[in-house]
Amino acid sequence: MKLRISLFLLLFTSYSFGFSQTNEKEALIYGEVYSLKPKENIRFLLWNDVFEMSTKEEPKQDSIIPLNRASVYAGAISPNGRDFNLHISNDILPAWISFEDTLDGFSYGPYLLSPSDSIKIMFDQRKQQVNFGGPSKHSFEMASRLNSLIDQAWFENSNMIDFSAFSDIQPELLSKLSDNNKKFRREVIPILDRSERITKMNQNLALAKSNDFIQTAQYFRSRVSEATFSTLMIEFYSQIYKKVFYGFYGYYFGDLTEKAPELIDSFSRFFEFMESEIDSLSAIYNPVFSPTYLKMQENRILGKSMIESKSFFEISKLESNPLIREKILAGYFLQRNVIIKEGLGDFTKFLYEVNDPQLKERLQVWHLASTPGLQVPDYSFIDDSDNEVRISDFKGKIVLINFWLTGCSACKYFNQHHLKRIVDDYKSDSDVIVLSLSLDSKREIWLKSKKSDIYSPNEVIQLWTGYEGKSSDHPYLAYFNITSAPQLQLIDQEGRLFRLGISEKTYSSIKSEIESLKENFSSTIYP
C-alpha cells in the first residue's frame with residue numbers, strides 16, 4: 001500500500017543546504033518551513049514496523065514538534081519562518097517517516113530513514129517539490145523520484161477509470177464515472193473490451209522496464225546503501241504489480257467467470273507470468289521491510305484464491321517466508337470488510353499460529369472487537385447542541401449505527417437508495433433506533449451536511465465524534481477499526497454487538513438483519 005503525502009507550505013527564499021553530523025546511534029532531521037499562513041506544528045510519523053504502515057494502523061511513535069522561529073543565521077527572511085530538529089534514536093531505526101502539517105492535514109513521505117542518517121529538508125510549495133540535503137539526501141531523492149514516475153504513469157495511463165464489469169454501459173455507471181473524474185477535469189475513457197484487458201495490464205507493467213526507471217535506478221545505485229536501494233526498488237516494483245494484481249481479482253476474474261469464461265485460461269496464464277516476474281524480483285531485492293510488497297502479495301493471494309477457489313488463508317501457505325506471511329495475514333484480517341464477509345473462522349485459526357507477541361496482542365484485541373455478543377464500549381458522542389449521547393442511552397432498543405462522511409459518494413448513494421427506506425419503515429417502531437454518526441473532522445462541515453439530507457436522513461439522531469481535526473482519534477472508532485464510510489453496525493437490546501457490519505448494504509439485507517434480531521433475540525443467540 002502506498003501512502004501518498006504532501007506538505008502545503010510556501011518558501012520565500014532558497015539557500016544552500018547545511019546539515020549536522022550525528023553519532024552512530026541516532027538520525028537527525030533538520031528542516032526549514034516558510035509559510036504565508038501561521039503554522040503551529042509539524043507532526044512526524046514514524047513506522048518502524050512494516051505491518052503498521054501496510055494496514056493503516058497508527059504508528060508506534062508519533063511526535064508533535066513545536067517549531068521555533070528560524071534564526072537569521074539560518075537564512076530566514078519571512079516573519080512566519082520556522083525551523084525544526086528531530087533526533088531519532090537507533091532502537092527504532094530503520095523506519096519509514098513522513099511529515100505532516102497538523103493544521104492543513106498535508107504531508108510528505110514516506111521515506112526510509114536509517115541509523116546515522118542526517119537529512120536537511122526544505123519545502124517549496126510554489127515549485128511543488130521538496131528538496132533534501134545532507135549525507136543521506138539521495139535515499140530521500142530516490143524515493144521521491146520513483147513515486148513521481150509512478151504518479152505520472154498512472155495519470156497518463158488512466159488505468160483507474162477504464163474498467164467495467166459491464167459489456168453494455170449503463171447510464172448510471174457512466175454518470176458515476178463522470179462525477180468521479182470531474183475533479184481531474186478529464187473525460188471518461190471508453191470502457192475496454194475484455195479481450196483487451198491483458199494488453200492494458202501489460203502496458204501498466206511496462207513502467208518497470210522504461211528508460212526513466214532504468215536511468216533512475218542507475219543514477220542512485222552507487223549513491224545509496226545497498227539495503228536502501230534494495231528496499232526502495234522492491235517498493236517501486238510492488239506498487240506497479242499491486243495495481244495489476246488488484247485489477248485481476250477486483251473485477252477481471254469475477255467478470256470473466258460470469259460473462260466470458262472462454263478467456264479464463266489466458267488470464268490465468270498471464271497471472272502466472274506476473275507471479276514468476278515478481279518472484280524473480282523479490283529474490284533479488286529484499287522485501288522484508290517493504291510495506292507495499294506486503295499489500296501487493298495480499299492482492300496476489302486474493303487473485304490466486306479466486307483462480308483456485310480456495311480461501312485466502314489456505315493460499316497464504318504458499319508464502320515460504322514465515323515473517324512475511326504473518327504480516328500479510330495480519331494486514332488482511334485487520335480489515336473490517338474481510339471480517340464482515342468471511343467471519344472469524346480463518347482469523348481464529350491464524351491467531352493460534354502468530355509468534356510475534358506484540359502482533360498477537362493487537363490481533364487479539366481486534367478479534368474480540370469483531371466477536372458477536374461483545375458488550376460495546378460506552379463512549380460518548382455529541383449532538384448538534386453539544387450534549388453527550390451514549391449507546392447505553394438506548395438500552396432495550398435495537399440500535400443501527402450509520403457511519404458517514406461529507407463528500408463520500410457511496411454514502412450519498414447508500415442514504416438515498418437504502419437508508420432512507422429503512423428509516424421510513426421503522427420511524428414508528430419504538431424498538432428500533434437509527435443513529436447517524438459523522439466521521440467529519442470539522443464540526444461546521446458536519447452541521448452543514450447534516451442539514452442537507454444528502455448523506456444522512458434528517459429524521460434520525462444525528463451525532464458527531466467531537467474530535468476536531470481527526471475524528472479517527474475517537475476511541476470508539478479506533479476500537480472497531482472504523483476508518484472509512486459508509487459503515488454499519490447493529491447492536492442488540494442489551495448493548496451487545498450483533499453485527500460488526502452488514503456485508504451487503506442494501507435495504508433488503510439491512511431489514512432482514514433487524515427483523516432477525518427482533519424475532520430471535522434472547523440471551524443465548526450468540527455462540
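The structure displayed is predicted, hence computed values, not measured ones.
A donor-acceptor contact closer than 3.5 angstrom links the side chains of Q462 and S456. Under 3.5 Å, the side chains of Y241 and N299 contain no donor-acceptor pair of N or O atoms. Looking at S449 and S452, their side chains never bring a donor and an acceptor atom within 3.5 Å of each other. Using a 3.5 Å distance cut-off with no hydrogens or angles, the side chains of S290 and E235 do pair a donor with an acceptor. Under 3.5 Å, the side chains of Y332 and Q297 contain no donor-acceptor pair of N or O atoms. Side-chain N/O atoms of S436 and W404 include a donor and acceptor closer than 3.5 Å. Looking at S516 and E519, their side chains never bring a donor and an acceptor atom within 3.5 Å of each other.
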Residue pair L437, N402: steps toward the side chain to side chain contact (heavy atoms under 4.5 Å, CB included) verdict: CA-CA 6 Å; L437 179 63; N402 169 50; over 6 Å; no

Side chain to side chain contact (heavy atoms under 4.5 Å, CB included) between E314 and S311, intermediate numbers included: CA-CA 5 Å; E314 188 174 2; S311 70; 3.4 Å; yes

Step-by-step ring pair (Phe, Tyr, Trp, His ring centres under 6.0 Å) determination, F271 to F245: CA-CA 8 Å; F271 189 91; F245 281 129; 5.2 Å; yes

Test side chain to side chain contact (heavy atoms under 4.5 Å, CB included) applied to F267 and I198, step by step: CA-CA 7 Å; F267 270 75; I198 290 180; 3.8 Å; yes

From CA spacing to verdict: side chain to side chain contact (heavy atoms under 4.5 Å, CB included), S144, N147: CA-CA 5 Å; S144 294; N147 284 334; 5.9 Å; no

Chi angles and distances behind the side-chain hydrogen bond (donor to acceptor under 3.5 Å, both in side chains) call for S512, S509: CA-CA 5 Å; S512 175; S509 294; over 6 Å; no

Salt bridge (charged side-chain N to carboxylate O under 4.0 Å, His left out) assessment of R390 paired with D393: CA-CA 5 Å; R390 298 175 180 272; D393 296 339; 6.0 Å; no

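Between the side chain of N415 and the backbone N or O of I454 there is at least one donor-acceptor pair closer than 3.5 Å. In this structure, K397 contributes its side chain and S430 its backbone to a donor-acceptor pair below 3.5 Å. No donor-acceptor pair under 3.5 Å is formed between the side chain of S471 and the backbone N or O of Y467. Side chain of D346 to main chain of F313: no donor-acceptor pair is present (N/O by atom type, distance under 3.5 Å, no hydrogens or angles). Proximity of a side-chain donor or acceptor of D453 to a complementary backbone N or O of N458 within less than 3.5 Å is detected. With hydrogens and angles ignored, the 3.5 Å screen pairs no side-chain donor or acceptor of T371 with any backbone N or O of L374. Of the possible donor and acceptor atoms, none in the side chain of N204 sits under 3.5 Å from a partner among the backbone N and O of I240.
Enclosure of atom NZ in K360 by more than 12 non-hydrogen atoms of other residues, nucleotides or ligands within 6.0 angstrom is indicated.
Heavy-atom minimum distance, F350 versus E326: CZ-O, 3.5 Å. Of all heavy-atom pairs between R336 and N481, the closest is CD-O, 2.9 Å. The two residues G495 and Q375 make their nearest non-hydrogen contact at O-NE2, 3.2 Å. Closest of all the heavy-atom pairs between Y479 and V365 is CE1-CG1, 4.5 Å. Minimum heavy-atom separation, A369 to L497: O-CD2, 3.4 Å. Contact between P110 and S98 at its shortest, heavy atoms only, is CA-CB, 4.4 Å.
Using cut-offs of 30° and 60° for the angle between ring planes, the F140 and Y111 rings count as parallel. By the 30° and 60° cut-offs, the orientation of the rings of F333 relative to F312 is perpendicular. Between Y476 and Y379, the ring-plane angle classifies as perpendicular under the 30° and 60° cut-offs. Classification of the Y246-Y249 ring pair by plane angle, with boundaries at 30° and 60°, yields perpendicular.
Note that CD1 of I307 is 9.5 Å distant from CD1 of I264, once rounded to the nearest 0.5 Å. In this structure, the separation between CG on D383 and NZ on K450 is 9.0 Å, given to the nearest 0.5 Å. Between the CD1 atom of I340 and the CD1 atom of I502 there is a distance of 9.0 Å, given to the nearest 0.5 Å. Rounding to the nearest 0.5 Å places CZ of R443 at 11.5 Å from OG of S438. Remark: Q239 CD to T292 OG1 distance equals 5.0 Å, nearest 0.5 Å. Atoms OH and OG, from Y455 and S409 in turn, are 8.5 Å apart once rounded to the nearest 0.5 Å.
E298 places a side-chain heavy atom less than 4.5 Å from the side chain of Q335. The closest side-chain heavy-atom distance from W464 to D384 is not below 4.5 Å. Contact annotation: the side chain of F347 approaches that of L363 to within less than 4.5 Å [non-hydrogen atoms, C-beta and beyond]. In this structure the side chain of V389 never reaches within 4.5 angstrom of the side chain of I382, judged on heavy atoms. You'll find the side chain of K442 reaches within 4.5 Å of the side chain of E468, heavy atoms only. A 4.5 Å side-chain heavy-atom check between I514 and L490 finds at least one atom pair inside the cut-off. The shortest side-chain heavy-atom distance between Y426 and L400 does not fall under the 4.5 Å cut-off. Side-chain contact check for I391 versus V376: some heavy-atom pair is nearer than 4.5 Å.
Under the 6.0 Å cut-off for aromatic ring centres, Y507 and H417 do not qualify, their centroids lying 6.0 Å or more apart.
Each of D425, D429, D424 was scored for a salt bridge (Lys or Arg N to Asp or Glu O under 4.0 Å) with K427, with one residue passing: D424.
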